[in-house]
Amino acid sequence: MSQKDSNQETISNILGKKNSQAQYPDIRMRRLRSTGWMRDMIAEHRITPSDLILPLFVIEGENQSQPIESMPGVNRQSIDLAIKTVKQAYDLGIPAIALFPAIDSKLKNDKGTEATNPDNLICRTVQAIKKAVPDIGIITDVALDPYTTHGHDGLIDEQGYVLNDETIEILRKQALVQTQAGADIIAPSDMMDGRIAAIRSTLDESRFINTAIMAYSAKFASAFYGPFRDAVNSDGALKGDKKTYQMNPANRRVSIREVQLDINEGADMVMVKPGLPYLDIVRDIKTTFQMPTFAYHVSGEFAMLKAASENGWLDYDACLIETLLSFRRAGCDGILTYGAIDAAKILVKA
Ligand code: PBG
């Protein structure tokens with residue numbers, strides 16, 4: 001048989017069969033995996049530094065950097081050093097950072113009042129970063145846990161129950177002082193009902209119409225937050241758990257309702273948290289709403305990766321990039337990750 005005839009036969013073999021019947025040797029799936037450039041050319045998903053958001057922990061002082069034991073490679077930094085990290089992130093193409101404070105325990109009380117102080121650590125950090133790196137986006141966290149002696153995200157009653165509506169009144173003020181300081185995106189992570197609408201109207205009344213809201217909409221009561229609570233010094237203090245406001249990890253469908261409500265209340269972007277163990281939720285939400293959808297690759301997930309790689313059991317760089325790609329594949333528009341700078345360096349080099 002001539003070459004032409006055999007090609008002809010191959011084509012009619014393939015065309016003559018239903019797609020599902022086409023098979024080896026007419027079909028060779030490995031053909032498009034045979035070279036690096038080919039794999040690259042047909043890749044369905046990509047990860048770039050512009051998909052990443054860097055969370056940062058800030059502390060008082062000057063030239064202060066405190067390692068966080070449960071998060072190797074991550075430090076709490078004073079504002080001057082945080083600015084250097086932010087510049088580095090900006091130079092690598094990371095579009096935004098998310099700030100979290102570790103405040104002096106003397107400033108904590110049961111109502112978390114320091115959260116609404118316009119001169120608090122977060123507000124000063126926002127102002128300083130805006131001045132030093134004006135073109136990076138600044139995301140601030142709205143929740144009371146770094147400020148309360150009991151470590152909860154809101155006010156509590158005598159039984160320790162977290163009060164919804166009373167908490168919202170404080171969150172409004174917290175969001176407003178952060179916005180006045182220059183925050184670009186307000187990210188409520190507290191899971192109180194109705195807080196998105198309350199914050200939106202507070203911002204609009206003060207004419208902050210372009211300050212966006214990234215809602216932690218589907219936030220689960222997860223054990224993967226352990227190292228973070230360490231980082232903001234809220235761990236030892238936390239009385240009980242957060243199961244009366246954060247979602248039950250057993251649930252899937254209720255995340256659709258949570259996201260729907262936040263969108264109705266004015267959320268511009270939504271988030272799922274934690275990340276890897278909840279990629280099914282990310283996919284559900286992206287498919288259902290087609291909204292800008294983010295996920296938080298949280299402290300415990302990062303710690304697992306670090307711990308295994310420090311033991312020589314996993315290749316950190318390769319697993320980090322694979323992890324971040326899996327978020328993109330699930331439908332994420334962006335990922336908050338403590339590995340943002342590491343990943344961006346790898347991607348810029350590649
Ligand atoms: C609390 C908050 C938490 C995280 C971000 N904001 C912890 C919690 O809900 O207890 C966790 C982030 C991480 O684990 O990396 N408002």
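Just so it is clear, the structure is predicted and the values come from calculations on it, not from any experiment. First listed ligand is number 1; within each ligand, the first listed atom is number 1.
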- [ ] Using salt bridge (charged side-chain N to carboxylate O under 4.0 Å, His left out) as the criterion, point out the one residue from Lys106, Arg124, Arg76 that pairs with Glu60.
- [x] Arg124
Open item on the list: Looking at Tyr296, I'd like to know if the NZ or CZ of Lys219 sits under 6.0 Å from its six-membered ring centre while staying within 45 degrees of the ring's axis.
Closed with: no
Task: Ile139 versus Ala187, closest heavy-atom pair with distance - done: CG2-CB, 3.6 Å
Open item on the list: Quick check on contacts: which atoms of ligand 1 are under 4.0 angstrom from a heavy atom of Tyr338?
Closed with: 12 (C), 13 (C), 15 (O)
Task: Check ion pair Lys286-Asp333 (N to O, under 4.0 angstrom) - done: yes
Task: Any donor-acceptor N/O pair, Asp315 side chain to Ala318 backbone, under 3.5 Å - done: yes
Task: Any donor-acceptor pair under 3.5 Å from Ser34 side chain to Arg30 backbone - done: no
Open item on the list: Looking only at protein heavy atoms, which one is nearest to atom 8 (C) of ligand 1, and what is the separation?
Closed with: Lys242 NZ, 3.4 Å
- [ ] Considering heavy atoms of the protein only, find what lies nearest to atom 14 (O) of ligand 1 and give residue, atom and distance to 0.1 Å.
- [x] Ser299 OG, 2.7 Å
TODO: Check if Lys219 has a non-hydrogen atom at a distance under 4.0 Å from any atom of ligand 1.
DONE: yes
Open item on the list: Could you identify the single nearest non-hydrogen protein atom to atom 6 (N) of ligand 1 and state the distance to 0.1 Å?
Closed with: Lys273 NZ, 3.2 Å
Open item on the list: Once rounded to the nearest 0.5 Å, what's the spacing between atom CG of Leu320 and atom CG of Leu325?
Closed with: 10.0 Å
- [ ] Could you tell me whether Ser189 and ligand 1 have an N or O pair separated by under 3.5 Å?
- [x] yes
Task: Per-residue contact class, Tyr296 against ligand 1 - non-hydrogen pairs under 4.0 Å - done: side chain
Task: ligand 1 atoms in contact with Asp153 (distance to a heavy atom under 4.0 Å) - done: 1 (C), 16 (N)
TODO: Go through ligand 1 atom by atom and flag the ones less than 4.0 Å from a non-hydrogen atom of Gln246.
DONE: 8 (C), 9 (O)
Task: Taking atom 7 (C) of ligand 1 as the reference point, the nearest protein heavy atom with its distance - done: Phe228 CD2, 3.5 Å
TODO: Any atoms of ligand 1 less than 4.0 Å from a non-hydrogen atom of Ala143? List them with their elements.
DONE: 16 (N)
Task: Shortest protein contact, atom 1 (C) of ligand 1 (heavy atom only) - done: Asp145 OD2, 2.9 Å
Open item on the list: I'd like to know if His297 contacts ligand 1, where contact means a heavy-atom distance under 4.0 Å to any ligand atom.
Closed with: no
TODO: Measure from NZ or CZ of Lys273 to the centre of the six-membered ring of Tyr278, then state whether that distance is under 6.0 Å and the direction lies within 45° of the axis.
DONE: no
Task: Backbone N/O of Leu276 and side chain of Glu301: donor-acceptor pair under 3.5 Å - done: yes
